[in-house]
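Encoded as structure tokens, the structure appears first; notes follow it.
Keep in mind that what you see is a predicted model, and the values were worked out from it rather than measured.
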Amino acid sequence: MVLHFQPIFEAKSGKVSYYEALVRMRETDGRIIEPAEFIPALEMSGEMHMLDRWIIRLASRMLKDHPQLNRIAVNLSAQAFKDESLVPTILDCLRETDVDPARLTFELTESDSLFNLHITQRVIADLHALGCSFSVDDFGSGFSSFAYLRDLPADYIKLDGSFIQNLHRNTVDQTLVRSIIQVVQALGKKAVAEYVENQEIMNILQEMGIDYVQGFHLGYPLPIETLFNAESPVEAQSTGSA
Ligand code: G
Ligand code: MN
């Protein structure tokens with residue numbers, strides 16, 4: 001297992017704000033396998049929390065060894081949130097590495113967040129008490145209502161990529177995304193867009209006042225060895241206009 005890091009940019013300044021840690025499996029022949037191919041098996045066998053723990057430990061070590069990583073968003077599974085040892089594990093990793101908790105954000109998908117809202121609310125409160133932040137992933141893909149969004153003390157809401165991918169040619173998506181951004185910001189949270197795949201999408205999102213952007217147009221997920229060599233400034237991000 002390896003972690004790849006994909007940059008997430010602050011839309012206004014065009015600067016990298018943080019990185020999402022994405023887990024990959026590396027075959028002995030060097031072939032990279034995407035999580036969709038191995039996570040379902042881990043979930044079915046009830047071993048997903050082992051991976052969650054491994055990722056938290058490795059992410060903390062990476063933060064310690066690579067100050068340039070600034071902050072990392074780590075994806076957690078629904079199982080992790082039901083696991084009583086999650087918060088102690090995080091605390092343990094942070095203590096061991098002496099990393100500032102503010103450098104860790106935890107992401108949970110919308111559907112997993114809402115599966116048991118009370119547990120999620122409690123874990124978010126615990127994470128906040130440690131000094132970490134929390135992000136809802138794939139927002140809009142499930143069945144959540146605005147009431148859930150209001151009651152979830154998340155710091156970041158990441159809009160599902162399916163709303164973003166065709167933003168430049170779908171006016172319905174434009175209307176939805178604009179209103180989600182408004183609601184998210186009215187609730188005092190930050191709006192993040194994933195799957196920004198071209199400059200047209202980027203321009204539309206900037207005009208809508210998005211807070212953070214992520215996607216293949218801006219930066220691919222890369223192993224730490226190549227991450228900082230490959231990064232180049234992204235066109236028109238800093239201008240804030242089309
Ligand atoms: O659905 P979810 O948010 O979990 O998707 C994360 C995956 O999406 C990662 O494995 C990453 O490689 C991939 N990804 C990241 N940026 C883009 C993008 O711009 N377009 C597409 N199609 N996939 C992306
Ligand atoms: Mn994610």
In Å and rounded to the nearest 0.5 Å, what is the [atom1] to [atom2] distance from [X] to [Y]?
| X | Y | atom1 | atom2 | answer |
| --- | --- | --- | --- | --- |
| Ser17 | Lys190 | OG | NZ | 9.5 Å |
| Leu94 | Thr89 | CG | OG1 | 10.5 Å |
| His4 | Thr226 | NE2 | OG1 | 7.5 Å |
| Arg24 | Glu37 | CZ | CD | 11.0 Å |

>> Salt bridge check, Asp211 against Lys189: does any charged N sit closer than 4.0 Å to a carboxylate O?
In response: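 Salt bridge between Lys189 and Asp211, a charged N being under 4.0 Å from a carboxylate O: no.
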> Should the pair Glu96-Arg57 be classified as a salt bridge under the 4.0 Å nitrogen-to-oxygen rule?
Replying inline: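 A salt bridge is present here (some side-chain N lies under 4.0 Å from a carboxylate O).
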If you group Ile, Leu, Val, Met, Phe, Trp and Tyr by side-chain heavy-atom gaps below 4.5 Å, do [X] and [Y] land in one group?
| X | Y | value |
| --- | --- | --- |
| Ile157 | Ile8 | no |
| Leu76 | Phe115 | no |
| Leu149 | Leu117 | yes |
| Tyr220 | Leu69 | no |
| Val177 | Val136 | yes |

For a quick test of reading the model, state the closest non-hydrogen atom pair linking [X] to [Y] and the distance between them.
| X | Y | answer |
| --- | --- | --- |
| Phe163 | Leu176 | CE2-CD1, 3.9 Å |
| Ser135 | Thr105 | CB-CG2, 4.0 Å |
| Leu127 | Phe81 | CD1-CZ, 4.4 Å |
| Ser162 | Asp160 | OG-OD2, 2.6 Å |
| Ile181 | Gly209 | CG2-O, 4.2 Å |
| Ala59 | Leu104 | CB-CD2, 4.5 Å |

Answer with yes or no whether the side chains of [Y] and [X] bring together a donor and an acceptor at under 3.5 Å.
| X | Y | answer |
| --- | --- | --- |
| Asp138 | Thr109 | no |
| Gln199 | Asn203 | yes |
| Gln79 | Glu43 | no |
| Asp173 | Gln165 | no |

Side-chain heavy-atom pair [X], [Y] within 4.5 angstrom cut-off:
| X | Y | answer |
| --- | --- | --- |
| Thr120 | Leu114 | no |
| Arg31 | Asp29 | yes |
| Ile32 | Arg26 | yes |
| Leu227 | Ile224 | yes |
| Asp112 | Asp137 | no |
| His217 | Ile201 | no |
| Cys93 | Ile90 | no |

>> Checking side chain to side chain contact (heavy atoms under 4.5 Å, CB included) between Leu58 and each of Leu63, Leu3, Val23, Ile72, which is the one that passes?
In response: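 With Leu58 as partner, Leu63, Leu3, Val23, Ile72 yield a single side chain to side chain contact (heavy atoms under 4.5 Å, CB included), made by Leu3.
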>> Using the side chain to side chain contact (heavy atoms under 4.5 Å, CB included) definition, which of the options Ile124, Leu187, Leu108 pairs with Leu152?
In response: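 Answer after filtering Ile124, Leu187, Leu108: Ile124.
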Has the side chain of [X] got a donor or acceptor atom that lies under 3.5 Å from a matching backbone atom of [Y]?
| X | Y | result |
| --- | --- | --- |
| Asp52 | Ser77 | yes |
| Glu27 | Ile33 | no |
| Gln214 | Gln6 | no |
| Glu194 | Gly161 | yes |
| Gln174 | Leu167 | yes |
| Asn166 | Arg169 | no |
| Glu197 | Gly215 | no |
| Arg103 | Asn70 | yes |

>> Consider ring-ring contact (aromatic ring centres under 6.0 Å, His included). Of Tyr212, Phe106, Phe134, Phe139, which one does Tyr156 pass it with?
In response: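 Checked Tyr212, Phe106, Phe134, Phe139 against Tyr156; only one passes ring-ring contact (aromatic ring centres under 6.0 Å, His included): Tyr212.
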> If you count the non-hydrogen atoms of other residues, nucleotides and ligands that lie under 6.0 Å from CZ in Phe38, is the total more than 12?
Replying inline: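 Counting neighbours around CZ of Phe38, more than 12 heavy atoms of other residues, nucleotides or ligands fall under 6.0 Å, so yes.
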> Is the number of heavy atoms from other residues, nucleotides or ligands within 6.0 Å of CE (Met1) greater than 12?
Replying inline: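 Yes, CE of Met1 has more than 12 neighbouring heavy atoms, counting only those of other groups under 6.0 Å.
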> Any idea how Tyr19 and Phe5 line up, ring-wise: parallel (<30°), tilted (30 to 60°), or perpendicular (>60°)?
Replying inline: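 If you compare the ring of Tyr19 with that of Phe5, the planes turn out perpendicular.
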